[in-house]
Enquirer: 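The structure follows.
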Amino acid sequence: MSNNTVFSGIKNPNPLNLKLPNINSEEFDKVINTRRSVRVFSDHKIPEKIVKKCMENALKAPTSSNLQTWEIYWIKNKEKKNKVIKACLSQPAASTAKELFVFVSRPDYWKRNNQLMLDYFKTRNNVPKEVYNYYAKITSLAYNHGFLGILGFIKKIIVNIIGIFKVIPREPSSFSDMKVWSQKTTALACQNFMLSMRAYGFDSCPMEGLDSTRMKKILNLPRKAQICMAIGTGKRENEGVYGKQLRFDNDLFIKEV
Ligand SMILES: Cc1cc2nc3c(=O)[nH]c(=O)nc-3n(C[C@H](O)[C@H](O)[C@H](O)COP(=O)(O)O)c2cc1C
């Protein structure tokens, strides 16, 4: 649920006028075309600076309402790493990973981050009223579902009635919707991260073949936190790429309507 004026009616009072750099699209294509899910990594270490850069790039992914409901766990402690590998079903992509990460979506953090946004606005004197109101009022309506989701249920009924007459965002209307909402954002961070690894000459493998309950326990996460995926990284061993990349015919998936 949100306020249409927020999306359609604001005149930007502070255009940035950024000068965009030239981008070598061939290099970008190389990154895309050489990223593969790598299941066996070599002993080659990843410099810490590159790991940090890739995590920073991950956090530059787009995020719904800019609420940044994600976390990256870089598993550095050896004992913890062994446990995480086990929670990843001891897949080689985890056990041979030089650095191992768990991306966690935190739908439960929307309120904390919303407050961070309001606090940030207080330090600026040029925040448009509509933007301020979005975080002061609309997000509470959109992301709050009340005790046992009762408010969300009522909201869903109201939205469905209003929706008969006018265009209105339908989700999220429950904590389940919130999980999807937050996972979308976190998955985009994962992709930024994996492409960054490739751009810096390293490889990755996303893994959702894992025991999420055990993983949450290892990482000391609350019930509402959601494991998005674990990502193993390192330099590829040739046998770590299982064949040519297979994609079905583009026509199956691309619809020009
Ligand atoms: C959300 C997600 C979960 C995945 N989980 C696993 C996994 O647990 N183990 C694994 O070996 N690969 C996993 N993969 C990798 C896929 O199998 C792989 O992306 C797919 O086969 C296409 O190959 P490519 O990435 O090399 O293009 C996962 C990929 C995604 C996007």
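Order of listing sets the numbers, starting from 1, for every ligand and every atom in it.
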Enquirer: Determine whether the side chains of Gln115 and Asn113 contain a donor N or O and an acceptor N or O closer than 3.5 Å.
Expert: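 Gln115 vs Asn113: no donor-acceptor pair found between side chains.
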
Enquirer: Does Ala93 come within less than 4.0 angstrom of ligand 1, counting non-hydrogen atoms of the residue?
Expert: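 The answer is no, since Ala93 has no heavy atom less than 4.0 Å from ligand 1.
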
Enquirer: Given Cys228, Gly243, Pro206, Ala187, which one has a non-hydrogen atom that is nearest to atom 4 (C) of ligand 1?
Expert: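 Answer by nearest heavy atom: Pro206.
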
Enquirer: To the nearest 0.1 Å, how far is atom 22 (C) of ligand 1 from its closest protein heavy atom, and which atom is that?
Expert: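 Protein heavy atom with the smallest distance to atom 22 (C) of ligand 1: Arg247 NH1, 3.6 Å.
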
Enquirer: Minimum heavy-atom separation for Ala93 to Phe41, with atom names?
Expert: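 It is O-CE1, 3.4 Å.
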
Enquirer: Of the backbone atoms (N, CA, C, O) and the side-chain heavy atoms from C-beta on, which set of Cys88 has a member under 4.0 Å from an atom of ligand 1: side chain, backbone, both, or neither?
Expert: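 The answer is neither.
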
Enquirer: Going by the angle between their ring planes, with limits at 30° and 60°, are Phe253 and Phe248 parallel, tilted or perpendicular?
Expert: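 Because their plane-to-plane angle lies in the 30° to 60° range, the rings of Phe253 and Phe248 count as tilted.
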
Enquirer: Is it the side chain (CB and beyond), the backbone, both or neither of Met194 that lies under 4.0 Å from ligand 1, heavy atoms counted?
Expert: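 Answer for Met194: neither.
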
Enquirer: So, for atom 20 (C) of ligand 1, does the protein have a heavy atom nearer than 4.0 Å?
Expert: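 There is no protein heavy atom less than 4.0 Å from atom 20 (C) of ligand 1.
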
Enquirer: For residues Lys155 and His145, is any side-chain donor paired with an opposing acceptor at under 3.5 Å?
Expert: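 Side chains of Lys155 and His145: pair found under 3.5 Å.
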
Enquirer: Just to be sure I'm reading this right: ignoring hydrogens, which of Cys190, Gly232, Gly209 gets closest to atom 8 (O) of ligand 1? Compare them by their nearest heavy atoms.
Expert: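 Comparing heavy atoms across Cys190, Gly232, Gly209, the nearest one to atom 8 (O) of ligand 1 lies in Gly209.
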
Enquirer: Starting from atom 27 (O) of ligand 1, what is the nearest protein heavy atom, named by residue and atom, and what distance separates them?
Expert: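 It is Gln245 NE2, 2.5 Å.
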
Enquirer: Should one rank Ser37, Cys205, Ala230 by closest heavy-atom distance to atom 18 (C) of ligand 1, which comes out on top?
Expert: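 Of the listed residues, Ser37 has the closest heavy atom.
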
Enquirer: Between Ser182 and Tyr109, is any side-chain donor less than 3.5 angstrom from a side-chain acceptor?
Expert: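 Result is no, nothing qualifies.
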
Enquirer: Could you tell me how the ring of Phe101 sits relative to the ring of Phe193: parallel (under 30°), tilted (30 to 60°) or perpendicular (over 60°)?
Expert: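 The arrangement is perpendicular - the two ring planes meet at more than 60°.
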
Enquirer: Could you check whether any side-chain heavy atom of Tyr143 comes within less than 4.5 Å of a side-chain heavy atom of Ser64, counting everything from C-beta outward?
Expert: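 They are in contact (side-chain heavy atoms under 4.5 Å apart), so the answer is yes.
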
Enquirer: Among all protein non-hydrogen atoms, which one is nearest to atom 9 (N) of ligand 1, and what is the separation to 0.1 Å?
Expert: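 Going atom by atom, the protein heavy atom closest to atom 9 (N) of ligand 1 ends up being Gln91 OE1, 2.7 Å.
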
Enquirer: For atom 26 (O) of ligand 1, find the nearest protein heavy atom and state the residue, atom name and distance (0.1 Å precision).
Expert: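 Nearest protein contact, heavy atoms only, for atom 26 (O) of ligand 1 is Arg36 NE, 2.7 Å.
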
Enquirer: Given Arg35, Arg39, Glu208, which one has a non-hydrogen atom that is nearest to atom 16 (C) of ligand 1?
Expert: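 Nearest option to atom 16 (C) of ligand 1, by heavy atoms: Arg39.
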
Enquirer: Do any nitrogen or oxygen atoms of Met229 lie less than 3.5 angstrom from nitrogen or oxygen atoms of ligand 1?
Expert: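 No, there is no polar N/O contact under 3.5 Å.
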
Enquirer: I want to check something: taking the side chain as every heavy atom from C-beta on, are Lys216 and Gln226 in contact at a cut-off of under 4.5 Å?
Expert: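 They are in side-chain contact.
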
Enquirer: Is it true that Trp181 and Glu171 share a donor-acceptor pair across their side chains at a distance under 3.5 Å?
Expert: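 No donor-acceptor contact under 3.5 Å links the two side chains.
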
